Structure formats: structure tokens, C-alpha cells
Amino acid sequence: MGRFYITTPIYYVNDVPHIGHAYTTTAADVAARYHRQLGDDVFFLTGTDEHGTKVEQAAVARGLTPKEHADEMVVKFKEVARKVGASNDFFIRTTDPEHEKYVQEFVQRCYDAGDIYKSSYSGLYCPACEAYYTDENLVDGLCPDHGTPPVRMEEENYFFRLSAFQERLSDLYRGNPEFVRPRHRYNEALSFIDQGLDDISISRATLKWGISVPWDPSQVIYVWVDALINYLSALTYAADEDLIPRFWPASYHLMAQDILKFHGIIWPALLMSAGYELPDHLFIHGYLKLGGEKMSKTRGNVMDPFPLIERYGADPFRFYCLREVSFGQDGMVSEEGFKARYNSELANELGNLLSRTASMIGKYRGGAVPAPPPGYADPPECDHAHPGSPLAVEATDVCAAVRTQLEEMDLSAALETIWVFVRRLNRYVEERAPWKLAKAAEAETAAAAAAAEFAQPGGSAGGRRLGESCSLAMTARPSMKAWSMDKAVKAAKAASEAAGIEEGGSANAALDATLWDLAEGLRLLSVLLYPFMPQTSALIRERLGLGAPAAVDSGLPSWDEAVWGLMPCGLSVGGGAPLFPRIEE
RNA sequence: GGCGGCGUAGCUCAGUCGGUCAGAGCAGCGGAAUCAUAAUCCGCGUGUCAGAGGUUCGAGUCCUCUCGCCGCUACCA
């Protein structure tokens with residue numbers, strides 16, 4: 001059993017949540033759910049960053065205290081997590097007293113290690129950026145980002161000796177090419193390190209809204225240092241026990257590119273200074289760009305994800321974000337794109353696959369998953385041709401590929417692999433044409449009945465095969481019963497031929513096998529799809545008779561079930577509302 | 001300015017070690033089928049793989065340069 005600790009950044013409460021927050025949280029959730037399926041010990045953390053000048057100002061502007069402001073904003077961010085269906089184990093707020101206490105301890109350790117010193121700094125400061133600028137950086141004397149005049153500031157600050165970690169950071173990167181992924185982000189961070197690192201200011205004297213420096217209460221710890229430490233502090237009070245020994249170091253810190261430097265350089269250095277192990281990986285995902293719309297000029301090309309989630313549910317939203325853009329790269333999203341994918345892939349391909357399968361099992365087999373012929377359901381032993389189901393080898397490959405891709409955090413690639421299988425199943429329906437098999441099976445049963453009636457009037461048909469009925473028919477003497485048997489047999493032969501049943505094969509067996517294949521394919525999809533669309537996974541399983549939707553989180557399908565051949569027969573497959581009703585507009 | 005990325009079919013994009021790599025999906029057109037949410041399946045692409053040079057028996061795939069976007073970073077005259 002492995003251990004898996006994944007984090008999102010803590011989101012800054014100076015502004016309302018947007019699609020980017022939802023995206024990061026969703027991606028982290030997929031990884032967390034996958035690892036729970038593996039049976040790993042999982043901890044998934046998200047939360048909010050609530051200190052700093054901007055929050056203070058936003059609060060003042062609204063006539064509230066910073067804490068009152070934060071308390072209100074936090075509700076919205078918690079709502080994002082809830083709406084996208086995040087299964088986070090804890091939600092940290094940097095205003096939690098436990099966090100504040102832990103940050104002070106942490107910073108004290110760095111101070112004791114001699115990595116923090118006091119120095120004065122003078123320069124032009126942009127309050128909006130919370131950053132100093134040199135004259136050259138200013139555009140016409142104004143802040144390049146905000147266009148506002150900077151103010152001359154001089155203050156005594158505490159500095160973190162980042163420069164002292166240059167060598168060790170460089171070694172860290174060169175020794176772990178996978179430390180930051182994808183690779184181009186790794187290159188970015190490394191080249192930044194190689195350019196030389198300056199010490200950084202980690203406190204402010206002018207700011208009041210923050211955690212005070214333990215040995216100097218006149219100063220407050222600068223927002224990013226406070227924020228980064230959340231990944232550790234949360235573990236100390238999220239549960240009754242101290243979870244640090246159990247979950248640290250983090251497996252993945254997930255984030256967008258804007259905060260790479262904080263996580264890729266400052267954070268490892270802080271950890272080194274305080275004597276902690278470093279996280280295994282940082283994963284930098286891309287930006288979701290809203291645009292490409294020609295029609296929404298008036299609305300400013302803004303796509304608000306929340307109405308979409310309200311209307312269609314969390315799963316389609318999760319699916320869309322991770323399917324549409326290659327994970328780790330920027331991509332364009334739009335409401336049009338959402339609807340297009342929803343209709344073609346969720347409604348038409350996946351939803352309809354379930355509908356048609358359930359319907360056919362209902363019509364042809366009374367709603368019970370039929371038993372495949374003996375040996376048919378066996379998982380393939382190796383790459384050789386499998387004597388049983390024609391889908392077995394392919395399905396096995398799909399499971400293996402999805403596993404590898406999820407392991408690598410290639411979330412969009414995993415979805416692509418899954419979708420190849422969804423399409424395969426629809427093609428399979430066409431190839432086998434169960435409706436033809438059903439006709440042949442019916443005729444076969446009738447022929448068997450007629451043969452039985454001929455051989456033993458009043459007796460039972462007893463599952464006689466068409467071949468047996470045929471030979472009986474040929475040796476029969478002309479009689480009324482023989483004539484009717486002959487007719488039934490001829491009809492059965494014709495139907496079998498139309499359905500592509502080979503000589504001597506049984507239409508009933510072929511139909512059973514095909515319907516079982518489809519049920520099994522869907523069962524497998526419920527396992528593979530679970531991390532991405534947990535609700536959908538549960539609904540599919542419910543329709544297949546495998547479990548109730550109430551068990552969506554407690555009864556998650558284990559990855560052990562990602563093996564071909566486990567679909568039990570006899571389960572009752574019900575009708576039901578479409579999984580994804582088409583969006584008609 | 002330096003470093004990095006991107007530029008492939010109308011649209012969104014895959015293309016791992018240079019040799020069926022010129023692809024997928026969507027949209028469009030034609031056909032088949034009828035189990036299904038009129039869903040599905042099959043067939044149909046003359047794309048200078050941004051441009052120019054080079055290496056090679058052979059290059060979207062490597063090298064150089066140019067153009068256009070983007071990211072990171074730095075900042076002379």
C-alpha cells in the first residue's frame with residue numbers, strides 16, 4: 001500500500017473564485033480518487049490564503065475587518081470545492097490558530113539555523129503588487145501592472161538567506177529531473193536558479209494583517225512564506241494525530257505556472273533550512289483560456305463555470321476541463337466547446353452506450369445479465385490471442401495504459417485512452433448486431449421446441465441446439481409435426497446465417513456472450529471513470545446492478561476491479577433515465 | 001537582450017528513439033443499420049507539417065537563420 005499526499009495551492013481570498021480554481025481542485029481530486037482506488041493512504045489538501053495587504057485593503061473597502069472579509073470569502077471557496085465534487089480531506093485557512101502557531105515555529109527554526117537576518121530595504125513600492133520596483137522596471141514612473149505611482153518606502157525587514165541555497169537547489173534540480181513537471185517548467189525554474197538567487201524579504205513592518213514574527217512582534221511574516229507552510233501545518237491539526245510522519249513529504253504540489261517560483265525555489269529552500277524533507281513533485285498545469293468566442297462580445301468572453309455545474313452537474317464539468325485541454329499545457333475552453341463535447345461524447349457515446357446495452361439486456365434477456373459460455377470471461381493470460389471474448393485483450397491493454405497515464409499525472413491522456421474504449425464498445429455493438437442475434441436466437445429456440453415436440457410430444461425443448469434439431473429434421477418421416485419442425489429449423493438456419501453465426505454455433509450463446517461483453521465493458525468503464533466522474537461511475541454501477549449510488553464515496557470501485565472478466569451474471573440491469581440528457585438548443 | 005515553448009486538415013489538437021507520420025476528434029457530404037438519449041456504424045481530406053537553408057540514403061521529427069504568437073528572465077545604449 002502506498003502513500004499519497006496531494007495539495008492544491010491555497011487560494012487567495014482577495015477576489016472571488018474563478019474557473020482556474022475549479023480546474024486545479026478538480027485535477028487534484030482526480031489524482032486523489034485514483035490513489036484511493038489503489039488502496040493508498042491518501043491525504044488531499046486544499047484551502048485559502050487569507051493574510052496580506054490585498055485582503056486587508058479589500059476588507060477596508062467593504063467596511064469589514066480582514067477576518068470578517070475572509071470569513072465571507074472562504075464560504076465561496078469551500079463552495080467551489082463542494083461544487084466540483086472535491087474529496088479533500090481537509091480545508092486549511094491560514095487564519096487557523098494552529099496554522100499561525102506552526103508558522104511561527106517553522107520560521108523560528110529557520111531563524112535559529114541562521115538563515116534569517118534583519119536588514120533595511122529602501123525602494124519604490126507598489127502597494128497593489130506588494131512588491132518593490134527599480135526605476136528601470138517602471139513604465140513612465142508607474143507600476144507596469146497597475147499603472148499607479150509607486151511610493152518610496154524604507155523599512156527594516158527580515159530576510160531569508162535564499163542565496164545560501166543556490167548550490168543545493170541546483171543540485172536538487174539536477175538530481176531530480178522529475179522534480180518539476182512538465183519538463184519546460186522544470187527548465188524555467190532551473191534557469192532561474194542558475195541566474196543567481198538573491199535573498200528575499202520575508203516580513204513587513206507596515207502590514208498588520210498577518211502572522212507576527214515570533215522574536216519581533218513589530219513585524220509580520222510576508223504572505224508567501226506564511227502560505228507555503230500550510231502544506232505542513234495542515235498535517236499537524238487536520239486529525240487527532242500528527243499526520244506529518246504519515247504523509248510528509250508531499251507526493252505532489254499542484255498549481256498553475258504563476259506560482260512556480262514560490263514553490264520551486266523558495267519552498268524547497270525554506271524546507272531545507274527548517275530541516276524537512278522536500279516534496280516529491282511539483283506539477284504545473286496550464287491556464288484555461290477563455291476565448292475563441294465570436295458571439296459573446298457583449299459579455300466580454302467570460303465563461304463562468306458555476307452555472308454550467310448547476311445545470312449539468314459536476315461530472316460533465318470535470319470531464320470537460322480535463323478532456324479538452326492537454327494536462328500541463330494551456331488550452332481554450334468555451335461554453336460552446338462544453339456543449340459540443342457533452343453531447344457527442346457524454347450523451348451520444350457514453351450515455352447512449354449504457355442505454356442501448358441496458359435496453360437490449362432488458363428486451364432479450366429479461367433484464368438479467370446473461371452468463372457467457374464457459375471460459376469466455378477469462379482474463380487473457382498474455383498477449384496471445386484470447387480464446388474468449390474478442391474484447392478481452394484490448395480491455396486489458398486499456399486498463400494498463402490508463403493506470404500508467406494516471407500514475408504520470410497525464411490526466412487528459414488517460415481520458416483519451418478511456419474514450420477509445422468507449423468508442424470500441426459502440427463499434428462492437430454494430431459488429432455483433434445483437435438484434436440480429438436475438439432474432440436468430442428466438443428462431444433457434446422455436447426450432448428446438450418444434451424438434452422436441454416431434455421427438456417427444458409434450459416434452460420439453462430442453463435447450464436443444466440448432467444442429468441437433470437439423471439432423472432430427474432430416475431423418476424425420478413426413479408428417480404434420482415433421483413439416484412444422486422442418487419449417488422452424490429452416491427459419492432458424494436463415495436467421496443464424498443473417499446474424500453471422502457460424503455453422504454449428506448457437507445464436508443464444510452468441511447473444512449471451514455479446515450482452516455480457518457489453519455489461520462487462522461498462523463495468524470496467526465505471527472503474528476507470530471513477531476518478532474523473534465519480535457520480536457517473538456510481539450511476540453506471542447502479543444500472544448494472546453492482547451497487548447503489550449512495551455508496552459513491554465509501555464504496556468506490558477498487559482498482560483491483562480494473563481486470564477483464566469480473567462482471568457477474570444474473571444481476572438485474574434496469575432501465576432508467578439517460579445518464580446525460582442531450583443539451584438541446 | 002538571454003533562455004524556453006508554440007506555429008501540423010475549416011476548427012481543436014496527437015505525433016515517443018529521424019525511416020507506412022502525413023494522423024485523431026469535431027464540423028461537412030454520402031451510405032448502412034434500427035438495440036438506443038434521431039443516438040450508432042461505415043466511406044470521403046491535392047494539408048507547401050509557419051518560411052528559407054543545411055545534415056542524412058531518408059526530416060513535422062536533428063542543426064542554422066527568418067517571421068508570428070506566448071512564457072520565464074534581464075536590462076544596456
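These numbers were taken from a predicted model, which means no experiment stands behind them. Protein chains get the first letters and strands the later ones, always in sequence-line order, with residue 1 at the start of each.
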Quiz prompt | Nucleotide nearest Phe192(A) (side chain, heavy atoms from C-beta), chosen from U37(B), U73(B), C35(B) | solution =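 Of all the options, the side chain of Phe192(A) is nearest to U73(B).
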Practice problem: Would you indicate which nucleotide in C26(B), C41(B), A74(B) comes nearest to any side-chain atom of Gln195(A)? | Solution: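 Taking heavy atoms from C-beta onward, the closest nucleotide is A74(B).
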What nucleic acid atoms does [X] come within less than 4.0 Å of, heavy atoms only: base, sugar-phosphate, or nothing?
{"X": "Leu579(A)", "answer": "base"}
{"X": "Gln257(A)", "answer": "sugar-phosphate"}
{"X": "Phe580(A)", "answer": "base"}
{"X": "Ser359(A)", "answer": "sugar-phosphate"}
{"X": "Arg341(A)", "answer": "nothing"}

Separation of [N] [atom2] from [X] [atom1] (nearest whole Å):
{"X": "Ile265(A)", "N": "U73(B)", "atom1": "CD1", "atom2": "P", "result": "9 Å"}
{"X": "Leu260(A)", "N": "G4(B)", "atom1": "CG", "atom2": "C1'", "result": "13 Å"}
{"X": "Asp194(A)", "N": "A74(B)", "atom1": "CG", "atom2": "P", "result": "14 Å"}
{"X": "Arg427(A)", "N": "C42(B)", "atom1": "CZ", "atom2": "C1'", "result": "11 Å"}
{"X": "Asn426(A)", "N": "A39(B)", "atom1": "CG", "atom2": "P", "result": "13 Å"}
{"X": "Glu349(A)", "N": "U37(B)", "atom1": "CD", "atom2": "C1'", "result": "13 Å"}
{"X": "Arg356(A)", "N": "C35(B)", "atom1": "CZ", "atom2": "P", "result": "10 Å"}
{"X": "His184(A)", "N": "C3(B)", "atom1": "NE2", "atom2": "P", "result": "18 Å"}

Exercise. Look at the rings of Phe580(A) and Tyr342(A) and say which category their plane angle falls in: under 30° parallel, 30 to 60° tilted, over 60° perpendicular.
Key: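 Plane angle over 60°, so perpendicular.
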Exercise. Using the ring of Phe532(A) (Phe, Tyr or Trp, six-membered ring only), decide whether Arg318(A) places NZ or CZ under 6.0 Å from its centre and within 45 degrees of its axis.
Key: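 No cation-pi geometry.
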Practice problem: Report yes or no: is there a donor-acceptor pair, N or O only, under 3.5 Å between the side chain of Asn348(A) and the base of A39(B)? | Solution: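 No, the side chain and the base share no sub-3.5 Å donor-acceptor pair.
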Practice problem: Kindly indicate whether the side chain of Met360(A), heavy atoms from C-beta on, has any atom under 4.5 Å from the side chain of Leu518(A). | Solution: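 When only atoms from C-beta onward are counted, Leu518(A) and Met360(A) do touch, with a gap below 4.5 Å.
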Exercise. Count the heavy atoms belonging to other residues, nucleotides or ligands that lie under 6.0 Å from CD of Glu430(A), then report whether that count exceeds 12.
Key: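 Counting other residues, nucleotides and ligands, CD of Glu430(A) exceeds 12 neighbours.
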Practice problem: Find which nucleotide of RNA chain B each of Ala340(A) and Glu324(A) is nearest to by heavy atoms, and output the residue with the more 5' nucleotide. | Solution: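 First, find each residue's nearest nucleotide; the 5'-ward one identifies Glu324(A).
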Self-check item: Residue met sooner reading RNA chain B from 5', once Gly331(A) and Pro581(A) are mapped to nucleotides
Solution: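 Looking at RNA chain B, the more 5' nearest nucleotide goes with Gly331(A).
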Quiz prompt | Test applied, side-chain hydrogen bond (donor to acceptor under 3.5 Å, both in side chains); reference residue, Asn426(A); option that passes from Glu349(A), Arg356(A), Glu431(A) | solution =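 Single pass found, and it is Arg356(A).
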